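Working notes, beginning with the structure itself.
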Amino acid sequence: MGSEENGKGTGAGSSMQSPRKSNPSKRVTMSGVENVQEVDTTADVKEEGGGLSSPASTAAVTDDGNLAPEEAPVAENGSSNDQTETPAPPKRLTKVERLVGNIEKRRENRMEVSQKARKKFLSICRAKVGGDSSIGIPIAELRTMRDEHKQDGEVGPIFECAVNLSEAIDAKAFYFRDFNEYYLTLQDTYLRRNPFIGAIVGVLAYYICSLILFCGIMGNNSTCPSTAGGPAYEGWLSAIYFASVTISTVGYGDVSVVGSGTEVWRVSIGVAYMVYAMVVAVTVFSSLSSRAMDIAQNTIAPKLEPFLDKWTTMKKSEALAAQLKRVWVFKVVELSLEFLLINLFGMCCAMIVMATTEDGDKIDWSWMTAFYWAVQTTTTIGYGDLDMPFDLRWFNFFFAIVGTTFAASILSSLSDLKTNMKEMRRLYVWKHQEVSMQLIADMEGDGDNSLDEYEFLIGSLLTLEKIQPEDVEEIMDKFRALAGADGIIDQKDVEDHHAKLSTLSKSDIERYNAQQREKMEE
């Protein structure tokens, strides 16, 4: 394949030619079709007498596809009459970039529908094709379906949109599965727009359910104690504390669902509660903790950015191995300090509790003991070998959640450090790779000693390991299945596909609809 930018020919039979001629095309949007005129932006630049001369007519294309105004020619000595610097021409978008822009625009302009409307729309379409979503609905029948459901609440506009899109591209058949995936999206509910609020509601529900279970239903003297002379908050504080150490997986062993009894029903509730806590932890609570980490990083990181850039920015003038070693050491020190700070915070708070409560006088903790307790909490080890004052639960039901979240994030970053360093190395080498015959030999695929944008894109993605060879193989297998013998997906392939699927009989559709009615009756 030849390069579109450098104007090289690609040989006979190639669909890419240079110079590129004006070629009108269509872009499909939710409201119809936009005509897009591709403009010849390839211009020959000749070197004469050591200076550069601009061709008589050169057009530049802006990001929105319009032509940029022509600029005044530049004199050979690089300066104009008014001694002002000539502004750089706008970036010329490649075909790949225009494709990316079109796909992103399609995603942004998807039609918002309710779950109920989308379900009904899909049900109508499946009944039309006998349940086989790979079969296209003829456009004439799609128009009939639109007319039949024009007054059918939210379903009518969906069919109207489907017809508009099909007519815009002059399609012969409508594939509702593709339309549902690429052109429809569910309406945002309040919780979808604010997942952080939803996570908070979920965690609060977990604690409320724990209180009801332990203090209201079970009346367990371990998870909801009520001792003579004890504080009024003893029961519900213990239940909340137990909920926190369960969902954080610390599990000191000082509180038990089973308690002093080993009845089957208590053990069964304990098992069910552990499973419930883990489901909340990996769904609702993980979302809440991730959001809290993002807020913390977005607040602190910008203030430290000038200092961090000094140690983590890769420089072209410095040896790569030395830079990677410096970044690795800095990251290890940074993560170690973060881990140390979160545990020092727990240690200090524990010692404050020990110094201000009556139980603290009975339980003699040193600063090192408090630090030991903080580390076994944040790492979720929870040996349970320490006697803890009861009032420490006020702090620990919070620290068990926040401490383990931050510590898990730090330890995860430390475990990913080796992989991140490899990615950093690949990106550094790729960004500083110069144009060379070695570059062409590494990425070109058809033996013409040149790179076009497609070869460079796929080669770069593979080099950076953004995609794997098996990903490319799966995609190309799909391409070969869709394309004809000529290796191009075109109108002929679409017509052949329609002819293959036209063998579906009406009896097949009627049989499917009868089965659906039987399921509804059941």
Side-chain angles (χ1 to χ4, degrees), residues 189-191 194-289 291-292 346 349-350 353 356-360 362-363 373 376-378 380 382-384 386-405:
T189 61
Y190 179 79
L191 293 181
N194 303 276
F196 186 59
I197 301 298
I200 291 177
V201 172
V203 171
L204 289 177
Y206 166 74
Y207 281 107
I208 293 172
C209 290
S210 300
L211 281 172
I212 295 174
L213 174 64
F214 298 131
C215 295
I217 299 176
M218 294 185 65
N220 190 323
N221 198 44
S222 177
T223 53
C224 189
S226 178
T227 57
Y233 53 78
E234 181 182 19
W236 61 262
L237 177 59
S238 297
I240 292 178
Y241 162 76
F242 180 71
S244 290
V245 297
T246 301
I247 197 173
S248 62
T249 71
V250 176
Y252 297 108
D254 54 341
V255 179
S256 172
V257 175
V258 177
S260 58
T262 56
E263 298 93 337
V264 174
W265 71 273
R266 289 183 182 273
V267 175
S268 301
I269 289 179
V271 171
Y273 183 74
M274 287 187 288
V275 174
Y276 169 59
M278 290 302 96
V279 171
V280 175
V282 300
T283 55
V284 178
F285 180 71
S286 62
S287 174
L288 180 62
S289 59
R291 178 59 177 166
C349 291
V353 173
T356 56
T357 61
E358 295 181 1
D359 289 343
K362 302 175 184 178
I363 303 174
W373 167 83
Q376 67 170 268
T377 299
T378 56
T380 73
Y383 290 122
L386 295 175
D387 292 329
M388 294 180 290
F390 180 82
D391 285 338
L392 185 59
R393 294 179 179 181
W394 284 107
F395 169 69
N396 203 15
F397 87 80
F398 163 79
F399 185 65
I401 296 293
V402 176
T404 55
T405 298

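From a predicted model like this one, the values you see are computed outputs, not experimental measurements.
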Does the side chain of Phe398 come within less than 4.5 Å of Ser244's, by heavy atoms?
no
Please name the pair of heavy atoms, one in Glu234 and one in Thr227, separated by the smallest distance, quoted to 0.1 Å.
OE1-OG1, 2.9 Å
When rounded to the nearest 0.5 angstrom, what distance separates CD1 in Ile197 from CD1 in Ile200?
4.5 Å
Heavy atoms, side chains only, cut-off 4.5 Å: are Asn396 and Thr377 in contact?
yes
So do the side chains of Ile247 and Ile401 get within less than 4.5 Å of each other, counting heavy atoms only?
yes
Atom pair CG (Leu392) and SG (Cys349), whose distance is rounded to the nearest 0.5 Å
9.5 Å
Can you find a pair of side-chain heavy atoms, one from Ile269 and one from Leu213, that are under 4.5 Å apart?
yes
Donor-acceptor pair, side chain of Thr404 and main chain of Thr380, under 3.5 angstrom:
no
d(Leu237 CG, Phe390 CZ) to nearest 0.5 Å is 4.5 Å
Should Met218 and Trp265 count as side-chain neighbours, where that means a heavy-atom distance under 4.5 Å?
yes
Residues Ser222 and Val255: closest non-hydrogen pair is O-CG1, 3.4 Å
What distance do Leu204 atom CG and Cys209 atom SG have between them, rounded to the nearest 0.5 Å?
11.0 Å
Might you point out which heavy atoms bring Ser248 and Ala400 nearest each other, and give the distance in Å?
CB-O, 3.2 Å
So how far is it from Glu358 CD to Ile363 CD1, rounded to the nearest 0.5 Å?
12.0 Å
Considering all heavy atoms, the nearest Asp254-Met388 contact
OD2-CE, 3.4 Å
Is the closest side-chain heavy-atom distance between Arg393 and Ile240 below 4.5 Å?
no
Supply the atom-to-atom distance Phe242 CZ to Cys224 SG, rounded to the nearest 0.5 angstrom.
12.0 Å
Which atom of Ala277 lies closest to which atom of Tyr206, heavy atoms considered:
CB-OH, 3.7 Å
Over 60° means perpendicular and under 30° means parallel, so tell me whether Tyr241 and Tyr252 are parallel, tilted or perpendicular.
parallel
Please indicate whether Tyr383 has more than 12 foreign heavy atoms, meaning atoms of other residues, nucleotides or ligands, lying under 6.0 Å from its OH.
no
Could you label the plane-to-plane angle of the Trp236 and Trp394 rings as parallel, tilted or perpendicular, counting under 30° as parallel and over 60° as perpendicular?
perpendicular
Where is the tightest heavy-atom contact between Thr357 and Pro389, given as atom of each residue plus distance?
OG1-CB, 4.5 Å
Is the Phe399 ring parallel, tilted or perpendicular to the Phe395 ring (thresholds 30°, 60°)?
parallel
Measure the acute angle between the ring planes of Phe214 and Tyr273, then classify it against the limits of 30° and 60° as parallel, tilted or perpendicular.
perpendicular
Would you sort out whether Tyr276 and Thr246 count as a side chain to side chain contact (heavy atoms under 4.5 Å, CB included), showing the intermediate values?
CA-CA 10 Å; Tyr276 169 59; Thr246 301; over 6 Å; no
